[in-house]
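Because the structure is a prediction, the values reported are computed rather than measured. Lettering follows sequence order; numbering is per chain, from 1. For the numbers below, each heavy atom of this structure counts, side chains included, while hydrogens, waters and symmetry mates do not.
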Protein chains: 2
Amino acid sequence: MTVRRADVAKLAGTSPAVVSYVLNGGRPVAAHTRAKVLAAIEQLGYRPNGIARSLRMNRTMTLGLVVPDNANPFFAELARAIEEEAFARGYTLLIGNAAEDDQRQTTYVRTFLARQVDGLFLVPAHGPVGCLEELERSRVPWVSLDRQVDGATAPAVLVDNRGGARVAVEHLLAHGRTRIACIAGPRDVMPATDRVAGWRDALTAAGVRPADMLAWHAPFGRRAGYESTRAILADPRDRPDAIFAASDQQAIGALRAIAELGLGCPTDVALASFDGIAPGAFTTPGLTTMVQPFPQLGRVAMDHLLGQLAGTEQQPQVLPVELLARGSCGCDDPPGGGRASAPTSTNEMGKR
Amino acid sequence: MTVRRADVAKLAGTSPAVVSYVLNGGRPVAAHTRAKVLAAIEQLGYRPNGIARSLRMNRTMTLGLVVPDNANPFFAELARAIEEEAFARGYTLLIGNAAEDDQRQTTYVRTFLARQVDGLFLVPAHGPVGCLEELERSRVPWVSLDRQVDGATAPAVLVDNRGGARVAVEHLLAHGRTRIACIAGPRDVMPATDRVAGWRDALTAAGVRPADMLAWHAPFGRRAGYESTRAILADPRDRPDAIFAASDQQAIGALRAIAELGLGCPTDVALASFDGIAPGAFTTPGLTTMVQPFPQLGRVAMDHLLGQLAGTEQQPQVLPVELLARGSCGCDDPPGGGRASAPTSTNEMGKR
DNA sequence: TTGTATGCGTTATCAT
DNA sequence: ATGATAACGCATACAA
């Protein structure tokens, strides 16, 4: 059925091993033999079987990535950055959607382990990670992204959530806003709580009592941002003059809610958020946000993984985020949202 | 190093084959033997090696998907639908980003073939598909999505681009708009040209000469939509009162451009587009769009693939798209964008 | 009900 | 410079 290496060897009048050497350069091979082998490969349309190769080599050159939801722009951009980096280093990436479900997350981790991935990236879904023990026992190097996993020995690649949130809120304060509400992320997930802490830091430093302000816990998505904002702005007598949203997705929902209430952003309610996903450049007004360094995140995550593979441990890092001021905070709104917020997409023109 | 099946067998005091039978149910096995085997598996933390299994079975239970850009919401939602379907049927999905580059697309196709995927989904990047011959020769079943590949024998899963575009434009006409410009997709890609044809159909049927209207060819992305719109609306004397955009991404860019020009949507310029991606629910106003049936696309694509695997050919299908009217065309704008446009995301609340 | 033997397609280690 | 051969870990036909 399939054409195997032996078939090539026979046609070329040599032995299977030589075919390997021609293909992989494992050792020198005579010019005329090489030519005959190449011809036979071409003629038979031979393609090496990567599965057999992996079995023999005990390496698959395959990495796994499990994300909570691949259709979410934040994870999609993160995945893209990692994939880019993996591709550049000759690895293929398997992507699994946990759909924010621990069961399904575990299933994917298992599947990837069974497929003998050389390493694993995990962006943990909310709540406890059921497959933690399994993962640790597997001896497969892994890295957690975006959130730390409690009790895990694996390194985590994180950004400065607290400091970044503080910068964002300070920026709102600098615009003269004083009543700054917070759409927090889910109560149990670290980046969310850190961002709330940063919001609190900024308010406290400015002499505002955070306790008097609203911190509204909700999921990270657009819809949650929308609904939280409607709730936050419900009472006209006691209205915040700014909102800090823990994610751009929430901010996009917030923008919609503000408009529906007949209010203006930034005039009535200024807005700043976190993540720096690409869509934030095209809202009206453009989103002021703390940009995560996606390419760098991909690079660092990969370094950690390959570091473990090579036995050289890396120091855990906290990467910086950068303020990108657009219109939603009250700054000038650059035409077309200014530079694409996510440096991953170098040339958005070429894309669908 | 790794714990093999033989190790389990030894500890359980039986033979390796029995371990397989316990795991895969290939044949009945005595209760106490099974118990001992299970205990040994647990104790040693044994995990079957999927690579060896694949080699033996000549099946990997792995499918490949190559998309032009995974960070693009349209492809991301499509990928999510396919992944969902694959997961439900026990397959793992490999996702590759071609980055709109034919070279890289080819590299991924090759990689996936070498990895012995059981089947392949291809969302072709713009332009000719360099790996076509290679793909056909491989005898691996494949399906093309979103666009037809010229000269390919593989089935394509498509939606009614022309009919859908016509419906959208007719809807704009029904709102009393007569000067309807078109932001077309790239000139060489089929879904784009079909959507332009649908736009033309509608205008002609309404007694408007399309030749008098603008059809602006540009890539599918947000930035292109933004720039096209600025160009289209540049001349105040001769301004269209509506725009049909070939993709939601373009429409999102168009919305931003309209606002920057100090115009109102839908008051000055009404807008309708195509795809039905989730972010269209949260723009202001919400996007009126032709919704692609993502879950169904995933299902049909998978059916085609498994059909080929089983030797039962399927008839190529053109799936219907559905008009979802929100505020951008002039209809009432439902609060919060109404239902999520992409039925894939059943519960957006839970997501980041 | 269970054990034994063979092969999947590759690469590495011997020889020659 | 090249040919033969032994693993890699698993599934299954066959023998017991």
Give a yes/no answer on whether the side chain of [X] brings an N or O atom under 4.0 Å of OP1 or OP2 in [N].
X: N24(B); N: dA11(D); value: yes
X: T2(B); N: dG9(D); value: yes
X: T33(A); N: dA1(D); value: no
X: S54(B); N: dC8(C); value: no
X: Y46(A); N: dT10(C); value: yes

Nucleotide nearest R56(A) when distance is taken to its side chain, options dG7(C), dG3(D), dG9(C): dG9(C)
Sugar-phosphate only, base, or nothing, as touched by [X] at under 4.0 Å among non-hydrogen atoms:
X: P16(B); value: nothing
X: G13(A); value: sugar-phosphate
X: A17(B); value: base

Rounding to an integer number of Å, can you tell me how far [X] [atom1] sits from [N] [atom2]?
X: R47(A); N: dT10(C); atom1: CZ; atom2: C1'; answer: 17 Å
X: Y21(B); N: dC14(D); atom1: OH; atom2: P; answer: 11 Å
X: L55(A); N: dA7(D); atom1: CG; atom2: P; answer: 14 Å
X: R59(A); N: dG9(D); atom1: CZ; atom2: P; answer: 16 Å
X: L113(B); N: dG9(C); atom1: CG; atom2: P; answer: 16 Å
X: R53(B); N: dG9(C); atom1: CZ; atom2: P; answer: 17 Å
X: N49(B); N: dC10(D); atom1: CG; atom2: P; answer: 5 Å
X: L44(A); N: dG9(C); atom1: CG; atom2: P; answer: 14 Å

Short N-O contact, D188(B) and R147(B), less than 4.0 angstrom: no
Under 3.5 Å donor-acceptor, D118(B) side chain and L63(B) backbone: no
Expected output: side-chain E83(B) to main-chain G96(A) donor-acceptor under 3.5 Å: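 The answer is no, because no donor-acceptor pair under 3.5 Å joins these two groups.
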Pair of N/O donor and acceptor under 3.5 Å linking dA11(D) base with R5(B) side chain: yes
Modelled atom types, side-chain donor and acceptor of R115(A) and T62(B), under 3.5 Å: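 Side chains of R115(A) and T62(B): pair found under 3.5 Å.
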F112(A): ring-ring contact (aromatic ring centres under 6.0 Å, His included) partners, not counting sequence neighbours: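 F112(A) satisfies ring-ring contact (aromatic ring centres under 6.0 Å, His included) with Y108(A) only.
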Residue whose closest nucleotide on DNA chain C lies nearer the 5' end, V29(B) versus A52(B):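 Here V29(B) is the residue nearer the 5' end.
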